[in-house]
Each structure stands twice: as structure tokens, then as C-alpha cells.
Colleague: 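Here it is, the structure, as C-alpha cells.
Computed over heavy atoms, backbone and side chain alike; hydrogens, waters and symmetry mates excluded. Predicted model, so just to flag it, every value in this text is computed and none were measured.
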2 protein chains.
Amino acid sequence: MARIAGSIGAETADRVREQSLKLFAAKGYAAVSMREIAAAVGVQAAALYNHFPNKQALLADLMLSHMDGLLAAWDSEAVAGEAPAEALQRLVRFHIRYHAGRSDAVFISYMELRSLEPENFMKVEKLRQTYEGVVQSILEQGVEAGVFRVEDTRICAMAIIAMLAGVNTWYRQKGRLNLSQIEGIYTDMVLRVAGAGRREDLCSAAE
Amino acid sequence: MARIAGSIGAETADRVREQSLKLFAAKGYAAVSMREIAAAVGVQAAALYNHFPNKQALLADLMLSHMDGLLAAWDSEAVAGEAPAEALQRLVRFHIRYHAGRSDAVFISYMELRSLEPENFMKVEKLRQTYEGVVQSILEQGVEAGVFRVEDTRICAMAIIAMLAGVNTWYRQKGRLNLSQIEGIYTDMVLRVAGAGRREDLCSAAE
DNA sequence: GTCTATACTCGGATAGAC
DNA sequence: GTCTATCCGAGTATAGAC
């Protein structure tokens, strides 16, 4: 049970990821100093450089591993050949559920793109567009199948992702609504944006 | 036509607002230095302090005057007693049109809340909630009148604002779509989220 | 791997001349 | 109102001991 000093519990690199994720999400990348991250981890600032070459690489690591994880998780969640309405619903529920325990990473990936240097930006942007493409392609399939009515699938995909990302600006675990309620509300809203859903869900009020 | 040196064209204070708005929107408040703003304006950094007591006050000024302007503009745009569906449509068109020439300010007001010190945050947050309340109250009126179907007006209001704010992340003047096209697409999407609209708009695909 | 110490740069902000 | 010069703290990052 004896441990080498400095390696108690999680590996330091992981604790650095964990703490910097929190801090970047709360204050923004540029507003967080390496000293601050180090203090949160419980080491000196210089020790961070044993694990990451610099601050920028730390941000890039966080964003890339988040996007990788998101896409990998969706890959194993997606059901090939599923009807578009179900696929969209599955995606929204997946997205909200997946990001529930990762709100900081989602927030950063959405907000800190501009803090990335060109090289890292391109890498992350490619993954981000892949995810956007997942949404867009579901919308396209729905339009082709005649079950969605979407004027512009690309814009609609971005609007949906923006809507979902916005949850982070107000969601708190002890808030008025629990996660499954939020999940339900957003599923409905997204289906509406896509012009799908049972008639009575969408139109009874207007009749 | 002779002018005192340093007062050519717009007042310096306004030029400072203008340039810092651009820079804050592009790079984030924390990532922009006073020297950078000064260089963009064409003065020395120290000169900025003739117009604003410090960097934080500059940000607060930008955000407060934006929110004030937004609310004032909506006040003179809103039509008392208008039907909820028309009011919501008017709001979306107003919002998109208003923010078209002010995308930087909208972006900052949405993204830099966390950069405000507590005192300034409260002031801005109050105005922000007022605007959120405008959307929410239109939704509530629509629900009461039976023309909207919204599960949770507060969340729906936030989702709508997030959707509209998201436009800034991709809208470019020379992009694929012009502003009136975007306006139309978003008006439709927002009406759908609110569960409103003519039946054929919402439901023909599902019939 | 982590520490202390430090190099070096850049940040916000101020003083005082013009 | 703007300038030059400067203060001082904080930033990232490195060197070298342990």
C-alpha cells in the first residue's frame, strides 16, 4: 500500500487534466494560470511541465480527447439503419446524457476553439465538424425519407448543437429540473426544430 | 476644419469601445491586453485610462450599453397587445436584424459574463434576465392563449436565445446565406420550438 | 517526478512632462 | 488628452538539486 510520494491516487497527469478542465470551464483558458492549476492539483507550477510541454498543449489535449471520446461513444451508441426520427432522438438523449458528467469538457470544446493555435485548431475543428456532420446526416436522411422538414440541414444541425451546448450555461445538479426532465424537454424541442414528431405533439395547439 | 490633434474623427472613447469590442469578441476578454487595444485605436496604452478607469470598467461599459441598447430597441419595436405568434416572430426577426450589425457585442454579452467582477455581473445579469424574460413572457402568453405548446417556458426561452446566439459562431457576411435567408430559417425554427405555426408548415412531412 | 529558484516577458496601471 | 517612462505583479517556462 505504500506509494511513492507524488503518486498518491490518480496519476498526476490525470489530476492535471481534471483540474485544468474545471478551471478552464469556469474562468476561460486565458484567465487561468499554470500556477492556479498547479495549486489545484497540489504541486508546484514547474511540475506541470513534466506532463505537458506547455499550456497550449494542455488545452489541446483536453479538447482532442473530449472530441475523440464523444465520437467514439456515439459510434458505439448509434444504431445502423435506424429511422431518422429515432436516430435524432437517440442522438439528443445520448448528447445530453454523455455531456451530463462532462459539462466542463463540452463547454470548453464549444467556447475555447478560439484559444487554440492554428495547428491544434485544425485538428479539433475536424473532429467538431465530424460531430456536426453526424447531426446533419441524420437530418438529411430524415428529409429524404420525408419525415423531417428542414430548410437547411447544415444550419439546423448547428442550431441544434448550439441549443444543447447552451444547457451548460444554466444547468446545475441541484436545479429545478433533473437531468431526465431536461433530456425530455430538449428531445421534444429538437424534434420540433427538425419538423418531426407525431402530429398531436406538434400541432394540437394550433388546431 | 482644423482639428485638435488626437480628436480626428470619432471621439477617442468611442474608438476605444469600437476596437475593444472587436478584439474581445475575437480573442476573449482575458486574452486581449490594453496595449493591444491601444495599438488598434492608434494611441498609447496610458491614454486609454483617460476614458476608462480600468480594463474591467471597459468590459462592463460595453456589455451594459449593449444590453441597454438591445432592450431599448425592443421596447420601441414591440407592439403592445400583439398576438403571441406574431410577437415571437417579430422578436426573432428583431433579434437577428439588431444583432447583425452588432455581432461582436452580442457575442461578448453572451460569452464574457464570467469575466465580470461580481458587482458588474449583477448589473449585466439583471438586464440579461430582462431580455430572457421578454422571450419567456411571449411564450407564456402563447401557451395561455393556446397557440404555443411549450413544456417549460423558461428553458424554451433560454434554448431560443442560445440558438440565436450560436449564429455568431459561424455567420460571415460573405457566407453561403444572406441575412434575410438566415432570418427566415431561424424564424421558422423558433416557431417550431414554440410549437406554433400553420399546420402545413409543421406537419405536412409527418402526414 | 517534484522541488526551489529564477530568467524573461508581458500584463495592468500610474506619474509627470508636454 | 496624449505622450514617455516606469512600477510592480503575474505570466510561462527552464535549470538544476534531490
Colleague: Which whole-number value in Å describes the distance from B:Q44 CD to D:dC3 C1'?
Modeller: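 From B:Q44 CD to D:dC3 C1': 7 Å.
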
Colleague: Output the rounded distance in Å from CG (A:D14) to C1' (C:dG1).
Modeller: 15 Å

Colleague: Spell out protein contact along nucleotides 13-18 of chain D as letters: B when the base is contacted, S when just the sugar-phosphate is, - when no protein heavy atom is under 4.0 Å; keep the 5' to 3' order.
Modeller: BBB---

Colleague: Residues two or more places apart in sequence or in another chain: which of them pass side-chain hydrogen bond (donor to acceptor under 3.5 Å, both in side chains) with B:E117?
Modeller: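 Checked B:E117 against side-chain hydrogen bond (donor to acceptor under 3.5 Å, both in side chains); zero matches.
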
Colleague: Using whole Å, report how far NE2 of B:H51 lies from P of C:dA13.
Modeller: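 For the pair B:H51 NE2 and C:dA13 P, the rounded distance is 15 Å.
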
Colleague: Once ring pair (Phe, Tyr, Trp, His ring centres under 6.0 Å) is applied, what residue pairs with a partner in residues 12-38 of chain B remain, sequence neighbours excluded?
Modeller: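 Pairs touching residues 12-38 of chain B that pass the test: B:F24-B:Y29.
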
Colleague: Applying salt bridge (Lys or Arg N to Asp or Glu O under 4.0 Å), can you list everything that pairs with B:E151, at least two apart in sequence or on another chain?
Modeller: none

Colleague: What pairs of donor and acceptor atoms, side-chain ones from residues 179-186 of chain A against any protein atom, are under 3.5 angstrom apart with sequence neighbours left out?
Modeller:
unit_1	atom_1	unit_2	atom_2	d
A:S180	OG	A:N178	OD1	3.3
A:Q181	OE1	A:N178	N	2.8
A:E183	OE2	A:R93	NH1	3.1

Colleague: OP1 or OP2 of C:dG1 sitting under 4.0 Å from any side-chain N/O of A:T12?
Modeller: no

Colleague: Keeping to residues at least two apart or across chains, list the ring pair (Phe, Tyr, Trp, His ring centres under 6.0 Å) pairs with something in residues 47-77 of chain A.
Modeller: A:W74-A:F94

Colleague: Just the rounded figure in Å: distance from P of D:dT2 to CG of B:N50.
Modeller: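 Taking atom P of D:dT2 as the reference, CG of B:N50 is at 6 Å.
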
Colleague: Indicate, with a heavy-atom threshold strictly under 4.0 Å, whether A:V32 touches base, sugar-phosphate, or nothing.
Modeller: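 Counting heavy atoms under 4.0 Å across all strands, the contact made by A:V32 is with sugar-phosphate only.
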
Colleague: Just how far, in rounded Å, is P of D:dG11 from CD of B:E36?
Modeller: 18 Å

Colleague: Between A:Q56 (side chain) and A:S115 (backbone), is there a donor-acceptor pair under 3.5 Å?
Modeller: yes

Colleague: Can you check whether A:S33 has a side-chain N or O nearer than 4.0 Å to OP1 or OP2 of D:dA10?
Modeller: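 No.
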
Colleague: Just how far, in rounded Å, is P of C:dG11 from CG of B:L48?
Modeller: 13 Å

